[in-house]
There are 2 protein chains.
Amino acid sequence: MQKQETLTKNQKIILDLIEKSDQPLKAYSILFDVKKKGINAPLQVYRALKKLVKIGKIHKIESRNAFIACKNSKCQIAKATVFSICESCEDVTEIHDHKLSEHLRDFKDNKGMKYNKYNLEFFGLCKKCV
Amino acid sequence: MQKQETLTKNQKIILDLIEKSDQPLKAYSILFDVKKKGINAPLQVYRALKKLVKIGKIHKIESRNAFIACKNSKCQIAKATVFSICESCEDVTEIHDHKLSEHLRDFKDNKGMKYNKYNLEFFGLCKKCV
DNA sequence: AACGCTGTGTAATAATATAACATTTATAAG
DNA sequence: CTTATAAATGTTATATTATTACACAGCGTT
């Protein structure tokens, strides 16, 4: 069983907002939205984001500098993420593909490096945008 | 046969610099280094970087906002990149693994999305830092 | 020559992210 | 309960990364 983290007020506010969106949100757009809740400064947002990423509640889409909620409710996977990104409408979906995960988990390079994390982003055109 | 791009003066200067480094360089560090060559503004750097990425001469390490030369001299692969990143010393290596590439190339999601590009970043500790 | 395309140079500014400091709250240990 | 320790807060300022806007130059095509 996963340790159930207790979120603080700021963390809850920001997680709520991100979970209500099915698409990634940017830090300053989050800041704008939570000002009415008393969060006034970028750093308050970034701190909460950092924690939420750490515990796997959200993921950062690196190529977009944006944050999306992890839908995988059971296990918090902060360490193995795969996303598909539509380059036209910017729709982002988290991918859970067992076979692909296996390949990635089992990957060994020839440098003897010890991996503990990976992030994979696929780019293309979604059904609507083709 | 690949179309041989002719690089402009700024593009050459910046590619040279990046190729001389075996590690990723950041845009403003590049700017600092090329000021002596008459490149004065961030935009001049970013424009060259954009072009060099586009033609596959360099790649952007998304999680680090940095740019590394593509060592794969024969084919310019701007569309399928894999990197290993040491979280301690920040050493970055481009990975060419035939089997892994196959899996990634052949990956199909269940949303009917058409992929034309991917970027994969592995994180961990390199031999030296373990 | 007129056009489209790509690149240049410059100034200004936008967008993303962190440092530093003082204080408060939560958790654990004696 | 008290101490101590880690984590979070609030605030100001600043650092870092990246783009917009504009005027113009070079080049190949028609």
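Proteins get letters first, then strands, A, B, ... in listed order; numbering begins at 1 in each.
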Rounded to the Å, how far apart are [X] [atom1] and [N] [atom2]?
X	N	atom1	atom2	value
N10(B)	dA25(D)	CG	P	17 Å
K37(A)	dT9(D)	NZ	C1'	18 Å
R47(B)	dT19(D)	CZ	C1'	10 Å
I13(A)	dA8(D)	CD1	P	15 Å

Residue-phosphate contact under 4.0 Å: [X] side-chain N/O, [N] OP1/OP2:
X	N	value
K9(A)	dT9(D)	no
Q44(A)	dA8(D)	no
N40(A)	dT9(D)	no

Inset, instruction - Could you tell me whether a side-chain N or O of K128(A) sits under 3.5 Å from a main-chain N or O of C89(A), the two making a donor and an acceptor? - result: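 Flag not set: sc K128(A) to bb C89(A) has no pair under 3.5 Å.
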Inset, instruction - Indicate yes or no for a side-chain donor-acceptor contact from S29(B) to the backbone of L25(B) under 3.5 Å, with no hydrogens or angles considered. - result: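 Pair absent, no side-chain N/O of S29(B) close to backbone of L25(B).
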Legend entry - Close aromatic pair by centroid cut-off 6.0 Å: Y118(B) and F123(A): no
Legend entry - Summary of protein contacts for nucleotides 12-18 of chain D, nucleotide by nucleotide, where a base hit scores B, a sugar-phosphate-only hit scores S (4.0 Å, heavy atoms): B----BB
Legend entry - Nearest-0.5 Å distance that lies between atom CG in L17(A) and atom CG in D33(A):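 Here the rounded value is 5.0 Å.
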Inset, instruction - Would you check if there is a donor-acceptor pair between the side chains of D91(A) and Q23(A) at a distance under 3.5 Å? - result: yes
Legend entry - Pairs satisfying salt bridge (charged side-chain N to carboxylate O under 4.0 Å, His left out), at least one member in residues 109-124 of chain A, at least two apart: K117(A)-E87(B)
Inset, instruction - Check whether any side-chain heavy atom of L104(A) sits under 4.5 Å from a side-chain heavy atom of L120(B), and report yes or no. - result: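 Yes, side chains in contact.
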Legend entry - Along DNA chain C, first and last positions that approach a heavy atom of chain A under 4.0 Å: dT16(C) to dA20(C)
Inset, instruction - Run the salt-bridge test on E94(B) and K71(B) with the 4.0 Å N-O cut-off and return the result as yes or no. - result: no
